[in-house]
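Worksheet for the structure shown next.
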2 protein chains.
Amino acid sequence: MATGNTGVRAGLGGHRLPQPVPAGEYENCPVTDVLRRVSDKWTLLLLTLLDRRPHRFNELHRAVDGISQRMLTRSLRTLESDGLVEREVFPTSPPSVEYRLTPLGVSLLEPLSALAGWAVGHHPEIAAARRRSARERV
Amino acid sequence: MATGNTGVRAGLGGHRLPQPVPAGEYENCPVTDVLRRVSDKWTLLLLTLLDRRPHRFNELHRAVDGISQRMLTRSLRTLESDGLVEREVFPTSPPSVEYRLTPLGVSLLEPLSALAGWAVGHHPEIAAARRRSARERV
DNA sequence: CTGTATCCGAAGTGATACTG
DNA sequence: CAGTATCACTTCGGATACAG
């Protein structure tokens, strides 16, 4: 009702899919949307840092080590426009900007942590499966 | 001990990060790794279909509607090499191949469903935040 | 300090044709 | 039926330079 991809929602909720999943709904699926946002190269790490406490821009830049200014800005802007992170500008000189999680961002970290726990716990099994398939491909 | 990115793991687990997160660990982070696999265009949908029951190749091709043979094969092969999906070939004529979730794949769907639930539940808030930021960018 | 602008190579995805 | 091979297009991400 409120949103797209009833199919996937129903599927992951344990219900049925109306047989052929209609095209064009994958793009609008809120689940895939969230997954894609969170699975890019830096977002997860930024979220975990901001979960500990608010950070200033350069603080994040130093903490992450390897991220470019461009990607740091882009990632933070995306998080902000999704309502997961809040940006506060202090008109000092030189200017300083603080980023913090919104309540929405905090709430996301719960299910995300559960998935992270799964990933850490089952990483050895995945790695083993990859080694197996690598051996077969010889 | 067994694997990389202690930083993110600790962060999502609620512990501390050793201040500057060492570079090169993001690539090897099992959490981001899993997220990236699952957040590509078709994988989530394939997992939900296979969660209902095993499917043959063309059955999936018909069910998904919009996926190319290339991407269907690629997605299934990746899922297989990660040990999330099992592929069984029946030497009939013409040949038929069946795909099913492995126990590992089934276990992934639990935390993934939790995250999916969050996404569906909070999608309106995210959409509202995006509209807000779109209005500001005018 | 906190960004923006530009360019470039790499990776994801689709279209189409061909095969055992 | 269940794929593989090739090409083209788009998006992601890094490097570098510049700016309020």
Side-chain angles (χ1 to χ4, degrees), chain A residues 23-29 32-33 35-46 49-50 54-81 85-100 133 136-137, chain B residues 23-27 29 32-33 35-46 49-50 54-82 85-100 133 136-137:
Chain A
E25 288 200 346
Y26 322 123
E27 334 286 334
N28 310 330
C29 172
T32 294
D33 182 53
L35 281 173
R36 292 190 88 116
R37 299 296 181 130
V38 147
S39 66
D40 70 4
K41 189 165 182 182
W42 306 105
T43 294
L44 180 69
L45 183 51
L46 292 174
L49 287 168
L50 294 176
H55 281 70
R56 305 222 341 241
F57 183 87
N58 262 10
E59 220 176 354
L60 290 169
H61 200 184
R62 281 190 301 274
V64 172
D65 165 88
I67 193 172
S68 61
Q69 276 190 332
R70 169 177 145 74
M71 286 314 293
L72 180 54
T73 304
R74 254 180 54 83
S75 304
L76 289 171
R77 287 284 192 273
T78 301
L79 285 169
E80 190 197 0
S81 75
V85 160
E86 222 172 25
R87 175 175 177 270
E88 186 175 6
V89 181
F90 299 99
T92 57
S93 170
S96 74
V97 178
E98 197 173 88
Y99 293 91
R100 75 184 70 244
S133 80
E136 282 165 14
R137 256 181 280 102
Chain B
E25 291 201 343
Y26 320 124
E27 334 286 335
C29 172
T32 294
D33 181 53
L35 280 173
R36 293 190 87 118
R37 298 297 182 131
V38 147
S39 66
D40 71 3
K41 190 163 180 182
W42 307 104
T43 294
L44 179 69
L45 182 51
L46 292 174
L49 286 169
L50 294 176
H55 281 71
R56 304 223 342 239
F57 183 86
N58 263 9
E59 219 175 355
L60 289 169
H61 200 185
R62 280 190 301 273
V64 171
D65 164 86
I67 194 173
S68 61
Q69 274 191 334
R70 172 177 145 73
M71 286 314 294
L72 180 53
T73 303
R74 254 181 55 82
S75 304
L76 289 170
R77 287 284 192 273
T78 301
L79 285 169
E80 191 196 0
S81 74
D82 284 357
V85 160
E86 222 172 26
R87 175 173 177 271
E88 186 175 4
V89 181
F90 299 98
T92 56
S93 171
S96 74
V97 178
E98 196 172 270
Y99 293 91
R100 73 183 71 244
S133 81
E136 281 164 14
R137 257 180 282 104

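Chain identifiers are assigned alphabetically (A, B, ...) following the order of the sequence lines, protein sequences preceding nucleic acid strands; residue numbering begins at 1 within each chain.
- One can place CD of A:Glu88 at 18 Å from C1' of C:dG3, the figure rounded to the nearest angstrom.
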Check nucleotides 6-13 of chain C for protein N or O atoms closer than 3.5 Å to its own N or O atoms and list the pairs.
residue: C:dT13; atom: OP1; partner: A:Arg36; partner atom: NH2; Å: 3.3
residue: C:dT13; atom: OP1; partner: B:Lys41; partner atom: N; Å: 3.0
residue: C:dT13; atom: O4; partner: B:Arg70; partner atom: NH2; Å: 3.1

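- Taking atom CG of residue B:Asn58 and atom P of nucleotide D:dG3, one finds them 9 Å apart after rounding to whole Å.
- Distances shown here put every side-chain N or O of A:Arg37 at or beyond 4.0 Å from the OP1 or OP2 atom of D:dC12.
- Distances shorter than 4.0 Å separate some side-chain N or O of A:Tyr99 from OP1 or OP2 on C:dG3.
- Here the CD atom belonging to A:Glu98 is positioned 10.0 Å from the CD atom belonging to A:Glu86, to the nearest 0.5 angstrom.
- Residue A:Arg77 has no polar side-chain atom (N or O) positioned under 4.0 Å from OP1 or OP2 of C:dT2.
- Distance, B:Glu80 CD to D:dG3 C1': 13 Å, rounded to whole Å.
- Residue B:Thr73 places its side chain closer to D:dT4 than to any other of D:dA17, C:dC1, D:dT4.
- At a threshold of 4.5 Å between non-hydrogen side-chain atoms, the residues B:Leu45 and A:Thr32 do not count as touching.
- In the set D:dC1, C:dT4, D:dG3, the nucleotide with an atom closest to the side chain of B:Ser96 is D:dC1.
- We find that CG of A:Asp33 is positioned 15 Å from P of D:dT11, with the value rounded to whole Å.
- Rounded to whole Å, atom P of C:dT2 lies 7 Å from atom CZ of A:Phe57.
- The distance between atom CG of A:Leu72 and atom P of D:dC12, rounded to the nearest whole Å, is 17 Å.
- Although no hydrogens or angles enter the test, the distance criterion places no donor-acceptor pair under 3.5 Å between the side chain of A:Ser75 and the main chain of A:Leu72.
- Note: B:Leu35 CG to B:Asp40 CG = 12.0 Å, rounded to the nearest 0.5 Å.
- The closest side-chain heavy-atom distance from A:Arg36 to B:Lys41 is below 4.5 Å.
- Atom CZ of residue B:Arg87 and atom CG of residue B:Leu79 lie 13.0 Å apart, to the nearest 0.5 angstrom.
- The line from CZ of A:Phe57 to CZ of A:Arg62 is 11.0 Å long, rounded to the nearest 0.5 Å.
- The distance from atom CD of A:Glu98 to atom C1' of C:dT2 is 14 Å, rounded to the nearest whole Å.
- For the pair B:Leu60 CG and D:dC1 C1', the computed distance is 13 Å after rounding to whole Å.
- Set against C:dT2, D:dC1, C:dC1, the side chain of A:Pro94 has C:dC1 as its closest nucleotide.
- Partners of B:Arg37 according to the salt bridge (Lys or Arg N to Asp or Glu O under 4.0 Å) rule, which considers only residues two or more places apart in sequence or in another chain, are B:Asp33, B:Asp82.
- Axis angle between the ends of the helix from C:dC1-D:dG20 to C:dG20-D:dC1, five pairs each and rounded to 10 degrees, works out to 40°.
- Here the side chains of B:Leu60 and B:Ile67 are not in contact, with every heavy-atom distance at 4.5 Å or above.
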